[in-house]
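None of these values were measured; they are calculated from a predicted model. No hydrogens, no waters, no symmetry mates; every other heavy atom, side chains included, goes into these values. One-based numbering, in listed order, for ligands and for the atoms of each.
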Amino acid sequence: MSTTAIRGTFLDFIDDPWKHVGSEQDAARFHADGLLVIEDGIIVDFGAYAEIAPKHAGVEITEIRDRIILPGFIDGHIHLAQTRVLGAYGEQLLPWLQKWVFPEEHKYADRAYAEEGTKHFFDNLLASGTTTAQTFTTGNLTCNEVFFEEATRRNMRMIGGLTGIDRHVPDYFANTPEQFYDDSKTLIEKWHGTGRNLYAITPRFGYGASNELFAACQKLKQEYPELWINTHISENPAEIHGVLALHDDCHDYLGVYEKFGLVGPKFTGGHGVWLSNDEFRRFSDSGAAVAFCPSSNLYLGSGLFRLGRATDPEHRVLLSFGTDMGGGNRFSLLNTLEDAYKVGMLNNTILDGSIVPSEMDLAESERNKLSPMRAFYSLTKGGAESLYIDDLVGNFDIGKEADFVALDYTAGPPATAWHQSLVTESAGEVLTLDEVSDLLFGIMMVSDERAVDETWVMGELAYKKA
Ligand code: GUN
Ligand code: ZN
């Protein structure tokens with residue numbers, strides 16, 4: 001048994017800041033001088049250093065100074081095999097898939113190509129402070145084997161699965177429903193619960209699935225009810241029209257997934273830009289989650305996700321935030337927060353443009369604003385709850401896995417931003433929660449993965465910035 005401890009400034013969340021509008025800090029737990037005690041990768045004690053240290057005399061302590069330590073970031077929606085299409089020019093979703101994505105993902109059928117891309121993918125996750133990601137792969141067995149092998153080697157808490165498509169796709173890249181079912185089953189039996197891997201049944205999207213492919217997903221979920229389901233929903237108007245044309249018995253996009261019995265706890269629909277109020281309500285009632293991917297929604301011109309509506313306390317939708325790399329043009333969830341803030345502000349411009357905003361509009365407009373507490377909750381505890389892994393990761397509760405990130409609030413672009421004066425003023429001082437909150441907002445709006453100094457996985461240092 002190995003016991004170690006980390007001393008530093010810790011922030012995590014014990015509640016949902018959207019429930020504390022105007023006093024979001026009430027959802028946070030802050031220790032300016034804290035101690036995290038870890039045994040074999042699991043948190044066994046946590047609190048103020050002065051209180052915790054005397055209980056663990058003799059334990060080896062690593063001090064992390066001048067950093068803010070947060071639970072490892074959770075990316076609710078990312079694509080393994082798009083690592084090499086970051087920054088592809090000029091298309092919206094459907095032509096972008098055809099022109100850039102399918103040809104590149106197809107190359108992952110080759111083991112050597114997949115191994116190299118997969119190593120790059122995981123290196124970038126860790127350099128971004130991301131310790132968990134719900135990941136789309138491809139429909140190819142080898143690609144999926146490589147993904148799970150590498151995740152196991154890195155000992156990371158990952159969710160993923162064979163990503164099936166058999167409609168609106170070139171023949172060379174299409175699954176058959178039978179092969180999708182058989183290969184998914186092979187992977188489930190081998191990898192679900194092996195190491196820290198969790199398996200997601202993954203129909204790529206409604207526009208790319210035949211009824212037979214959906215039926216295969218439904219059968220797998222019936223056989224393995226404990227599994228996750230990961231897909232896309234209501235991302236782009238052309239996609240949505242295409243889906244509804246295929247399913248004239250469904251009123252809306254969510255109805256298609258409902259028809260095949262896929263919607264409920266552990267279901268995540270990526271994007272949800274164009275979801276109706278009624279669809280949001282059904283997400284909320286069923287315990288299903290949306291992955292909000294603002295960088296992608298801006299980059300591919302998909303639209304503005306209604307964050308304030310999704311977080312309506314009457315029908316609160318479980319939310320993770322996702323990079324959607326390479327639909328999103330960054331690996332770093334700090335950039336995702338930046339774009340999420342801007343999407344919220346743009347939504348408020350539209351609301352404020354109405355002639356007499358109603359009470360509801362004002363409350364929704366307040367919820368559209370991504371305060372630093374809401375932002376970092378979403379990358380940690382909020383993401384974990386939406387993925388139903390909050391018993392494992394997401395904050396520093398005793399019994400959880402010790403994945404965390406140390407942010408350097410002095411790193412980033414040259415000192416042009418107002419928050420840099422705070423850094424100078426507070427140099428060498430014990431930080432307050434107000435100061436940490438301001439620094440975190442500065443990091444998410446002005447910095448990027450340069451702020452990620454160290455990333456720890458199961459109590460072990462997995463990444464250190466050069
Ligand atoms: N819908 C189906 N496949 C994809 C994909 O790879 N990226 C995005 N953003 N949307 C999708
Ligand atoms: Zn995606």
**Item:** Listed partners of Thr268 passing side-chain contact (heavy atoms from CB on, under 4.5 Å), at least two apart
**Value:** Gln134, Asn230, Ala289, Ala291, Leu387

**Item:** side-chain contact (heavy atoms from CB on, under 4.5 Å) assessment of Glu116 paired with Lys119
**Value:** CA-CA 5 Å; Glu116 208 231 77; Lys119 180 181 176 309; 6.0 Å; no

**Complete:** A student checking ligand 1 against Leu97 at a 4.0 Å heavy-atom cut-off should list atoms 2 (C), 3 (N), 4 (C), 5 (C), 6 (O)

**Prompt:** For ligand 1, which atoms, with element, lie under 4.0 Å from some heavy atom of Leu93?
**Reply:** 8 (C), 10 (N), 11 (C)

**Item:** Backbone of Gly87 reached by a side-chain donor or acceptor of Trp100 within 3.5 Å
**Value:** no

**Prompt:** Would you say the ring centroid of His315 lies under 6.0 angstrom from that of Phe280?
**Reply:** no

**Message:** One residue to check: Glu239. Relative to ligand 1, which of side chain, backbone, both or neither has a non-hydrogen atom less than 4.0 Å away?
**Reply:** neither

**Asked** Which atoms of ligand 1 are found less than 4.0 Å from any heavy atom of Gln82?
**Response** 5 (C), 6 (O)

**Complete:** If you scan protein heavy atoms around atom 9 (N) of ligand 1, the nearest is Asp324 OD2, 2.7 Å

**Prompt:** Among protein heavy atoms, which sits nearest to atom 3 (N) of ligand 1, and what does the distance come to when rounded to 0.1 Å?
**Reply:** Arg204 NE, 2.9 Å

**Asked** Among protein heavy atoms, which sits nearest to atom 10 (N) of ligand 1, and what does the distance come to when rounded to 0.1 Å?
**Response** Glu235 OE1, 2.7 Å

**Message:** At less than 2.8 Å, would any N/O/S atom of His232, backbone or side chain, sit next to the Zn ion (ligand 2)?
**Reply:** yes

**Request:** Look only at the side chain of Arg374 and the backbone of Trp18, and say whether a donor-acceptor pair between them is shorter than 3.5 Å.
**Result:** no

**Message:** Under a 3.5 Å cutoff, is there a donor and acceptor pairing between the side chains of Thr323 and Asp75?
**Reply:** yes

**Message:** Would you say the rings of His77 and Phe136 are close, in the sense that their centroids are separated by under 6.0 Å?
**Reply:** yes

**Request:** To the nearest 10 degrees, could you say what angle the Zn ion (ligand 2) makes with NE2 of His79 and OD1 of Asp324?
**Result:** 90°

**Ring centers of Tyr172, Phe102 separated by less than 6.0 Å** = no

**Request:** With heavy atoms of His79 as the reference, note each atom of ligand 1 found under 4.0 Å away.
**Result:** 5 (C), 6 (O), 7 (N)

**Asked** Can you tell which part of Trp96 has a heavy atom less than 4.0 Å from ligand 1: side chain, backbone, both or neither?
**Response** side chain

**Message:** Strictly under 2.8 Å, is the Zn ion (ligand 2) approached by any N, O or S atom of His77?
**Reply:** yes

**Fill in**
Phe205 heavy atoms within 4.0 Å reach ligand 1 at atoms 1 (N), 2 (C)

**Request:** Check the pair Leu11, Phe13 against side-chain contact (heavy atoms from CB on, under 4.5 Å), reporting the backbone distance first and the verdict last.
**Result:** CA-CA 7 Å; Leu11 177 71; Phe13 294 88; 4.3 Å; yes

